[in-house]
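Proteins come first, then strands; the chains are lettered A, B, ... in the order of their sequence lines, and each starts at number 1.
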Amino acid sequence: MPELPEVESAAVIARRALVGRTLASVVAHHPSQRRSLPARVARRIVGRRVVRVERHGKHQHFVLDDGAVIAVHFRMNGDWEVGRAGDPLARFARITFTASDGVRLSLVDSRALCTAAYHAPGAPPVLALGPEPDDLTTAWLGGVLARRRGPIKPVLLDQRVVAGLGNIYVAEALWRARVHPAREARALGDVQLRALVRGIKAAIADGFARQGRSRDGSRAHPFKVYDREGRPCARCGTPVARVTQSGRSTYYCPGCQRTA
DNA sequence: TTACGCCTGGAG
DNA sequence: CTCCAGGCGTAA
């Protein structure tokens, strides 16, 4: 699930569920989450009203009326499920926030890698994030890439470069820009740089467009190259290739993403 | 820069 | 059974 577009639509769900409501209970159901959100901390949250839900890159911040922040990160596959107090709990519910009027928001995450940390009033989380894709400029990206050695793909996964990109959207953005994932980051020319900025914005916009109609679970694979190894490139028909870069799969088209 | 741990499920 | 998974912090 969760890269920027997915986290944004999740944040909308959380916002609708909790903003303006007072938390009546907060429970971490899995030891892994209890480490970062122990019962004593959860008790401190109870009685507070949620005034705002912010998204920064892939992070979600529940801002409470005393200025405290609950920082949630889905990691690999977290998602929100909205229900009512007393409803049967989802099998992989890891944390539940129940409001005083009975609305319940559950963080569902089979792998239990999600994190939720409490930040006391006056000590907000410090995030090291680059610009959101919407605010990305060629000047910024060019400046950052000029100081990087190594292939472009892992650089784009660095949240300090651009906030919110993950393995899927980086592959999609590079495909749109026709840039080879192994291309030396600082060797990108102006034309490729501009194409890459456009590609990032377009890939993310495409993700957003998909969010609205993704709940009906129709089409499996709306991606251009991600998870399409061996299938023909939509642009040139060349079979999509998969390589490993810094331990993770990268999908690309060897036909139209050339110059490594 | 790479490798591993964190966790668990699903696919082959 | 083995391998893979949309992330990320820390260690080597």
Task: side-chain N/O A/Y169 vs C/dG6 OP1/OP2, d < 4.0 Å - done: no
Open item on the list: Aromatic contact between A/F62 and A/F97, with the criterion being ring centroids under 6.0 Å apart: yes or no?
Closed with: yes
TODO: Give the rounded distance in Å between these two atoms: CZ of A/R228 and P of C/dG6.
DONE: 17 Å
Open item on the list: Here's a test of your reading of the structure: between A/S246 and A/P31, which maps to the more 5' nucleotide of DNA chain B?
Closed with: A/S246
Task: A/T96 side chain to A/R104 side chain, donor-acceptor N/O pair below 3.5 angstrom - done: no
Task: Partners meeting side chain to side chain donor-acceptor pair (under 3.5 Å) with A/H61 (sequence neighbours left out) - done: none
TODO: Describe the nucleic acid contact of A/R148 in one word from base, sugar-phosphate, nothing, applying a heavy-atom distance below 4.0 Å.
DONE: nothing
Task: Nearest-neighbour nucleotide for the A/R242 side chain, B/dT2, C/dA5, B/dG9 considered - done: C/dA5
Task: Partner set under side chain to side chain donor-acceptor pair (under 3.5 Å) for A/Q60, not counting sequence neighbours - done: A/W80
Open item on the list: Tell me whether A/D158 is salt-bridged to A/R148, with the criterion being a basic N under 4.0 Å from an acidic carboxylate O.
Closed with: yes
Task: Closest-nucleotide ordering on DNA chain B, the 5'-leading residue of A/A112 and A/R149 - done: A/R149
Task: Bracket notation of DNA chain C in which parentheses pair within the strand, [ ] cross earlier pairs, and | pairs with another strand (Watson-Crick or G-U, under 3.5 Å) - done: |||||.||||||
Open item on the list: Distance check, P atoms only: C/dG9 and B/dG9, in whole angstrom units.
Closed with: 25 Å
Open item on the list: Output the rounded distance in Å from OH (A/Y226) to P (C/dA5).
Closed with: 6 Å
Open item on the list: Give me the distance, rounded to whole Å, that separates B/dT1 from C/dA5 when you measure between the C1' atoms they each carry.
Closed with: 22 Å
Task: Electrostatic pair A/D109:A/R75 at N-O distance under 4.0 angstrom - done: no
- [ ] Rounded off to whole Å, could you give me the CG-to-C1' distance for the A/N77 and B/dT8 pair?
- [x] 8 Å
TODO: Using a heavy-atom cut-off of under 4.0 Å over every strand shown, decide if A/S249 touches base, sugar-phosphate, or nothing.
DONE: sugar-phosphate
- [ ] Keeping the roles fixed (side chain from A/E3, backbone from A/I168), state whether a donor-acceptor pair exists under 3.5 Å.
- [x] yes
Open item on the list: Strictly by side-chain hydrogen bond (donor to acceptor under 3.5 Å, both in side chains), give each pair with a member in residues 178-190 of chain A just once, sequence neighbours left out.
Closed with: A/R183-A/Q192
Might you list the N or O atoms of the protein lying below 3.5 Å from N or O atoms in nucleotides 7-11 of chain C, with each pair's distance?
residue, atom, partner, partner atom, Å
C/dG7, OP1, A/K58, NZ, 2.8
C/dG7, OP2, A/N167, N, 3.3
C/dG7, OP2, A/R248, NH1, 2.8
C/dG7, OP2, A/R248, NH2, 2.4
C/dG7, N2, A/R75, NH1, 2.6
C/dG7, N3, A/R75, NH1, 3.4
C/dC8, OP1, A/H73, NE2, 3.0
C/dC8, OP2, A/K58, NZ, 3.3

Open item on the list: Say we look at C/dC8 and B/dG10: how far apart would their P atoms be, to the nearest angstrom?
Closed with: 23 Å
Task: For A/H29, ring-ring contact (aromatic ring centres under 6.0 Å, His included) partners two or more places apart - done: none
Task: Closest contact, heavy atoms only, A/A112 versus A/S32 - done: O-OG, 3.3 Å
Open item on the list: Just the rounded figure in Å: distance from C1' of C/dG6 to CZ of A/F223.
Closed with: 8 Å
TODO: Identify whether any heavy atom of A/F74 sits under 4.0 Å from a base atom; if not, whether one sits that close to sugar-phosphate; answer base, sugar-phosphate or nothing.
DONE: nothing
Task: C/dC1 to B/dC6 separation - C1' atoms, rounded to the nearest Å - done: 23 Å
Open item on the list: Please pick, from B/dG9, B/dC6, C/dA5, the nucleotide with the shortest atom-to-atom distance to any side-chain atom of A/S32.
Closed with: B/dC6
